[in-house]
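Encoded as structure tokens, the structure appears first; notes follow it.
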Amino acid sequence: MPTKLAYLGPEGTFCEAALRILAPDAERLPCANVTAALDAARAGEADGAVVPLENSVEGAITVTLDELAWGEPLLIGAELLLPVEFALLVRPGTDLPHIKRVYTHPAAITQCRNYLARELPDAVVVAAPSTAAAAQEVSSPGSPYDAAIAPSIAGEHYGLAELASNIGDRDDTVTRFVRVSRPGALPEPTGADRTSLVAFLRDDHPGALLEMLSEFAVRGVNLTRIESRPTGDGIGRYFFHFDAEGHVAEARVGEALSGLHRLSDDVRFLGSYPRADGVSPELRRGTSGPDFAEAAGWLARIRAGRV
Ligand SMILES: O=C(O)C(=O)Cc1ccccc1
């Protein structure tokens, strides 16, 4: 039976492009937003979902971080780094001076800031559920929007003209997408893996975050992302997202996570999965699997009085 994956639709989003690379044979279920895509995976309407997690210019896609932290647990099983290029798409015949209202996903607004300031300084820019949703809307005859910022492919799909190409502030922008599914067996360690988790503070005190970070530091686990997100319980209340190098099956990562578990209110494991860039961690002396095994053997010996 082919896999069915939900994603941030409609057809023509960057998310769809990511899904096609991550799972070329999967059946695709376009959803109106990230929450709907993850809920489809949670409810079993799909076997999983592909959603954007962060991009190299603007940072986190916070809706994804928050969705993964709350609600029914989902596990990340794969990631993909997708270069993103933005096009300015219009109904055929529209030219630049006639563009008063631009529609696109918030991540595209922040990544095309210079172009918008330079070429369309007076245009109102409105947030859309996705880039392709914006293109689809602009293609409808009575649309209040004059242009969409979206991938070129969305322009082709919805019959729009490409008025300007590659309008991102940087031409090396990359978005990280993840494939998530309901909890099950983890991918095997590959030697170049990433582990994602969220941790909730037990109590607020000086050094609380430092204590969490120390659990990684003392075991030689490098972090690749750390994010604080509000818990919603009032100003100043935060929880933390971590991406760490390595797989939970490895001693140094596993022990860091159990250390974190001991001092946190709650730790939600979000998965261990192969890194898209294939980079293996540089292990510091004394932090390899055999080092941990040797130390455990030593401890067992001295506990048995064999000194
Ligand atoms: O709206 C899309 O096409 C997405 O997949 C989300 C997004 C938007 C802008 C940059 C990267 C991802």
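Just so you know, residue 1 is the first one in the sequence shown, and it goes up from there. Just follow the structure's listing: the first ligand is 1, and inside any ligand the first atom is 1.
Not a single N or O atom of Ala132, backbone or side chain, sits closer than 3.5 Å to an N or O atom of ligand 1. Backbone and side-chain nitrogen or oxygen atoms of Phe14 are examined, and one is located within less than 3.5 angstrom of a nitrogen or oxygen of ligand 1.
Nearest protein neighbour of atom 2 (C) of ligand 1, counting heavy atoms only, is Thr131 OG1, 3.3 Å. In terms of protein heavy atoms, atom 5 (O) of ligand 1 is closest to Cys15 N, 2.9 Å. When only non-hydrogen protein atoms are considered, atom 9 (C) of ligand 1 lies nearest to Ala107 CB, 3.6 Å. With respect to atom 8 (C) of ligand 1, the closest heavy atom belonging to the protein is His105 ND1, 3.5 Å.
Under 4.0 Å from ligand 1, the heavy atoms of Thr175 that appear belong solely to its side chain.
Residues Glu16 and Tyr7 have side chains that bring a donor and an acceptor to within less than 3.5 angstrom of each other. With 3.5 Å as the limit, one finds a donor-acceptor pair spanning the side chains of Glu162 and Ser165.
Close contacts of ligand 1 with Ser130, meaning ligand atoms under 4.0 Å from a residue heavy atom, involve 1 (O).
Taking 4.5 Å as the limit, some side-chain heavy atom of Phe269 sits within range of a side-chain heavy atom of Val248. Within the 4.5 Å cutoff, no side-chain heavy atoms of Leu5 are placed close to those of Leu29.
Using cut-offs of 30° and 60° for the angle between ring planes, the Trp70 and Phe239 rings count as perpendicular.
Glu11 approaches His157 most closely through the heavy-atom pair OE1-CE1, 3.0 Å.
Of the possible donor and acceptor atoms, none in the side chain of Asp243 sits under 3.5 Å from a partner among the backbone N and O of Arg225.
Nearest-heavy-atom check against atom 4 (C) of ligand 1 across Val51, Leu8, Ile61 picks out Leu8.
Residue contacts with ligand 1: Asn55 is excluded, as none of its non-hydrogen atoms falls under 4.0 Å.
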